[in-house]
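Chain A is the first sequence line, chain B the second, and so forth, proteins listed ahead of strands; every chain is numbered from 1. The shown structure was predicted, so the numbers you read here are calculated from the model rather than taken from an experiment.
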2 protein chains.
Amino acid sequence: MSATDQKPTFRGIAAATGEPIEPAYPVSTLADVDAACAAADAAFDAYRATDAEARAAFLEAIGDEILALGDALIERAMLESGLPQARLTGERGRTVGQLKLFAGVVRAGHWREVRIDPAMPDRQPLPRADLRLRMIPLGPVAVFGASNFPLAFSTAGGDTASALAAGCPVVVKGHPAHPGTDAMVAEAIQRAVERCGMPAGTFGHVRGPGNELGEALVKDPRIAAVGFTGSRGGGLALMRLAQSRPVPIPVYAEMSSVNPVVLMPAALAARGKALGEGFVASLTMGSGQFCTNPGLVLAIEGEGIDAFEAAAAAALSGHTPQPMLTGGIRQAYAKGTEALAGHAAVRQIACGLAGDGVATEASRLFTTDARGFLGDPALGEEVFGASSLVVRCADLDEVKRVLRGLEGQLTATIQMDAADEAAAAELVPVLERRAGRVLVNGWPTGVEVAHAMVHGGPFPSTSDGRSTSVGSLAIDRFLRPVCYQDMPAAMLPPELRDGAEGPKLVDGVPA
Amino acid sequence: MSATDQKPTFRGIAAATGEPIEPAYPVSTLADVDAACAAADAAFDAYRATDAEARAAFLEAIGDEILALGDALIERAMLESGLPQARLTGERGRTVGQLKLFAGVVRAGHWREVRIDPAMPDRQPLPRADLRLRMIPLGPVAVFGASNFPLAFSTAGGDTASALAAGCPVVVKGHPAHPGTDAMVAEAIQRAVERCGMPAGTFGHVRGPGNELGEALVKDPRIAAVGFTGSRGGGLALMRLAQSRPVPIPVYAEMSSVNPVVLMPAALAARGKALGEGFVASLTMGSGQFCTNPGLVLAIEGEGIDAFEAAAAAALSGHTPQPMLTGGIRQAYAKGTEALAGHAAVRQIACGLAGDGVATEASRLFTTDARGFLGDPALGEEVFGASSLVVRCADLDEVKRVLRGLEGQLTATIQMDAADEAAAAELVPVLERRAGRVLVNGWPTGVEVAHAMVHGGPFPSTSDGRSTSVGSLAIDRFLRPVCYQDMPAAMLPPELRDGAEGPKLVDGVPA
């Protein structure tokens with residue numbers, strides 16, 4: 001082996017100990033990025049021409065190959081992420097379920113948006129041509145795995161599943177926080193590609209620390225769109241890069257959100273203690289490392305608010321944290337919570353247990369009032385992890401003022417009882433302008449993979465609030481419409497021919 | 001009246017003579033932009049809450065008010081644009097028809113994308129919440145009128161109609177090339193707002209020369225999206241501005257396209273002369289001032305190609321041009337065609353008549369071969385007006401090479417006979433990757449307002465190839481999804497309640 005064949009390598013880091021884990025993985029080169037993009041481009045026309053059944057079976061085969069990895073996958077993901085077994089087993093189920101959902105979406109065909117406006121040769125003053133519309137995939141998609149969901153938002157996660165469902169080849173940049181998990185899943189996808197006879201470049205994969213590979217991927221002229229879940233800084237950098245290309249491309253980045261929860265007066269009065277306990281369970285789940293973690297609580301002063309805070313403080317104080325995902329995330333959490341603790345307008349209500357202190361950080365809960373909150377926009381910024389801020393508001397108008405000043409959010413939640421309904425109804429138009437999902441009497445953590453789910457919201461919760469990264473509507477991100485005018489039947493795409501099955505609008509009417 | 005009340009004014013310019021036309025119109029100020037955006041923002045919640053029938057009736061009322069302007073509108077538009085009466089009468093019909101189409105779209109309700117995933121309280125291991133999804137409007141939209149369609153792509157054009165249909169208030173920046181037409185239509189819309197009892201800020205309007213007003217409009221934090229039809233330079237400037245905002249917003253800019261037409265061998269052999277005549281009729285219509293003007297012809301060498309060129313040259317040589325829209329457009333055309341005429345790899349085939357020479361420019365037709373074309377990317381750039389370039393290609397492979405090197409296009413056309421079908425079918429995947437509409441045996445000018453139309457294409461033909469600016473799908477540009485989780489029925493939007501009428505997916509299945 002010559003010296004030029006020896007690539008630098010990197011290793012995963014055990015979240016719980018900070019120690020490197022074997023084996024070492026070779027760091028991809030810029031030539032690898034180029035080769036993956038070239039292969040994806042070469043595969044595009046053949047892959048997008050696959051019929052619905054073949055593409056659906058391919059998605060299901062990816063799920064089967066992931067399941068076939070067995071316990072080894074879960075064990076490796078536990079080691080790298082510090083997440084517990086039950087959570088990762090559930091996340092694997094969700095990942096496989098998501099692939100199955102998109103298999104069903106591909107078969108059902110609504111995503112094709114077939115529209116046929118038949119010719120009107122006798123129309124006056126001018127005849128109308130035969131017009132037929134369908135959606136086609138954008139082209140090869142670059143997907144960036146996320147650290148906090150090593151399975152469901154990573155190598156074979158929602159971005160990959162929806163892009164493949166749309167007919168786009170995918171090039172994944174594996175997250176360097178879980179290279180072993182990433183490698184196992186990438187190989188599983190590759191086996192599904194081969195087993196299903198898909199073109200070789202349908203799935204590509206590069207890995208390594210640092211930003212250079214990802215930047216090269218987003219700048220590659222053959223990449224047509226980007227999916228990303230991660231920090232605001234990372235997402236904004238990708239947006240800038242994508243916009244500065246000679247041909248700009250869409251970036252679907254899911255970034256940051258504090259997910260406001262409004263506690264209405266009757267609910268507080270009736271069940272302040274239960275709300276406090278439920279809130280802390282949602283806040284501390286997975287050490288708070290969820291995009292939909294409830295980082296902001298707006299509580300209307302009155303009966304029950306003290307019970308809420310007391311119950312939350314008691315629950316939090318006894319909470320033993322899990323390790324955080326990476327040292328970088330842990331440091332950012334520590335810095336963010338220290339800033340809150342030292343803020344003149346903020347008071348700490350409770351602090352959880354330290355855990356082992358090597359890889360853990362205590363959960364923390366703070367409080368301020370609406371005036372304090374409105375006085376400093378920084379108080380509305382996300383602290384990724386199990387930290388939250390309770391803002392005491394005098395009344396509903398003050399809640400509205402606080403909400404109107406917030407940035408775009410993934411979710412917004414109302415905790416209410418029947419007596420709150422009239423007031424809560426006033427909040428709905430305010431909340432839906434600021435969030436992609438509005439919940440009543442639930443907690444925002446936990447995102448169902450379903451047809452009616454929206455996991456996306458106005459900037460900066462995502463780069464593009466017109467989209468969702470979870471649920472079947474996520475496929476729309478990777479499609480664009482094409483109209484075929486007076487095209488002979490033999491040249492038309494099969495789904496646009498007369499008599500083709502599948503949902504369609506004919507002259508705007510379902511047929 | 002104090003000095004500060006006296007705004008600067010500007011006048012329209014008669015396209016045919018270059019002379020100013022009375023009356024003078026006051027130039028809007030930055031305070032006017034601010035006021036229009038404030039009013040639009042204030043109107044947003046009330047306007048988006050209007051029901052389908054009220055909103056549809058409002059769109060129809062705008063059409064009625066435009067028709068009620070009578071001949072005066074056509075006469076003013078003729079004077080300002082230099083376009084002939086028949087064209088503008090047709091364009092008015094199209095504008096009113098477009099408003100009616102969107103009234104029907106609003107009533108039909110597919111745009112709401114209603115999805116309901118009912119609760120599954122008994123699901124194991126976790127229950128599923130009740131999830132309901134609908135589309136909501138983005139917010140106030142800034143619309144920039146286009147010079148080349150003073151009615152159909154201007155003040156009450158497709159962008160305005162589709163944004164209003166979506167539930168977005170609209171602030172129009174009228175095109176300074178037709179301030180009188182713009183004023184009449186803006187007043188008609190305003191009358192419809194009042195007649196239908198819509199909130200006062202549903203429609204706003206500013207006008208003036210220069211870029212300052214438009215820049216202020218796009219930068220205003222209350223503006224949520226932009227519609228634009230015009231030059232590539234203008235569109236790119238708006239894209240940069242929108243991306244550099246603290247909260248970036250989508251820009252739907254329709255910019256430039258050369259609309260390649262491929263002449264297949266059997267078609268050329270069978271009807272080279274007729275193709276030449278049909279081509280020149282499409283090229284010279286409206287002095288070629290269409291986004292879909294056929295600016296590039298790829299002809300496969302063989303029988304008929306000489307007949308095509310000879311017929312095109314003969315038709316073009318006798319063509320008397322209409323005035324061009326503005327002096328600026330005329331100068332850009334003259335510069336672009338002179339560059340082609342002086343290009344070492346290009347030869348002029350024909351030049352039309354000069355017209356009066358004050359406001360007209362002769363139509364011009366050039367030719368080169370594939371090697372010459374591929375040798376200079378500038379030959380693929382749009383010259384707005386009745387100029388086209390015939391590229392002689394040795395065979396289908398050379399056609400594909402040329403097509404693969406092209407930028408994104410609004411349209412691509414195949415002229416073929418039955419004997420060409422196998423070869424033409426090979427072109428479809430190539431063309432659909434580069435264009436939003438693929439036509440067979442037609443000419444790209446003439447864009448039907450229909451459900452299956454796509455008037456949009458990959459960058460730089462538009463800023464966002466995932467969208468269309470013509471046809472009912474254009475409404476999707478101004479919508480985003482929101483999910484309502486476990487929301488009590490009384491708080492749900494009416495269209496999401498149990499038993500509500502309208503198209504929907506329940507668990508992903510039409511119901």
For [X], is it the side chain, the backbone, both, or neither that has a heavy atom closer than 4.5 Å to a heavy atom of chain A?
| X | value |
| --- | --- |
| B/Leu492 | neither |
| B/His110 | side chain |
| B/Glu407 | neither |
| B/Ile136 | side chain |

Exercise for the section: Using the test side-chain hydrogen bond (donor to acceptor under 3.5 Å, both in side chains), find all partners of A/Asp486 that sit at least two apart in sequence or belong to another chain. Expected result: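 Once residues adjacent in sequence are excluded, A/Asp486 has no partner under the side-chain hydrogen bond (donor to acceptor under 3.5 Å, both in side chains) criterion.
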
Exercise for the section: Please determine if A/Glu432 and B/Arg48 form a salt bridge, counting it only when a charged side-chain N lies under 4.0 Å from a carboxylate O. Expected result: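 Salt bridge: yes.
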
Exercise for the section: Might you point out which heavy atoms bring B/Leu133 and A/Met453 nearest each other, and give the distance in Å? Expected result: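 Shortest heavy-atom separation between B/Leu133 and A/Met453 comes out as CD1-O, 3.8 Å.
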
Exercise for the section: Determine the minimum heavy-atom distance between A/Leu131 and B/Ala452, stating which atoms define it. Expected result: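 Of all heavy-atom pairs spanning A/Leu131 and B/Ala452, the closest is O-CB, 3.5 Å.
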
Any residue of [range] which, by heavy atoms, sits under 4.5 Å from chain A:
| range | value |
| --- | --- |
| residues 240-252 of chain B | B/Gln243, B/Pro246, B/Val247, B/Pro248, B/Pro250, B/Tyr252 |
| residues 463-475 of chain B | B/Asp464, B/Gly465, B/Arg466, B/Ser467, B/Ser472, B/Leu473 |
| residues 415-429 of chain B | B/Met416, B/Glu421, B/Ala424, B/Ala425, B/Val428, B/Pro429 |

Exercise for the section: Measure A/Phe44 against the heavy atoms of chain B and call it side chain, backbone, both or neither at under 4.5 Å. Expected result: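 Answer is side chain: those atoms of A/Phe44 sit under 4.5 Å from chain B.
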
Exercise for the section: Flag the one option from B/Gly446, B/Ala49, B/Pro458, B/Pro503 with the top tally of heavy-atom pairs under 4.5 Å to chain A. Expected result: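 The answer is B/Pro458.
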
Handout entry: Passing candidate, side chain to side chain contact (heavy atoms under 4.5 Å, CB included) with B/His451, options A/Val506, A/Val509, A/Leu505, A/Asp117
Key =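 Answer to the side chain to side chain contact (heavy atoms under 4.5 Å, CB included) test with B/His451 among A/Val506, A/Val509, A/Leu505, A/Asp117: A/Asp117.
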
Problem - Largest heavy-atom contact set with chain B, pairs under 4.5 Å, which of A/Arg128, A/Arg433, A/Arg134 - result: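 Answer, by heavy-atom pair count under 4.5 Å with chain B: A/Arg433.
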
Exercise for the section: Look at A/Asn441, A/Val482, A/Asp507 and state which one has the largest set of heavy-atom pairs under 4.5 Å with chain B. Expected result: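 Max contact count across the listed options: A/Val482.
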
Handout entry: Student check: side-chain heavy atoms of B/Cys483 and A/Val438 closer than 4.5 Å
Key =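 No, their side chains stay 4.5 Å or more apart.
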
Exercise for the section: Answer yes or no: are there more than 12 heavy-atom neighbours, outside B/Lys100 itself, under 6.0 Å from its atom NZ? Expected result: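 Open.
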
Handout entry: Verdict with supporting geometry, B/Met491 and A/Ile414, side chain to side chain contact (heavy atoms under 4.5 Å, CB included)
Key = CA-CA 11 Å; B/Met491 289 165 61; A/Ile414 304 172; 4.1 Å; yes

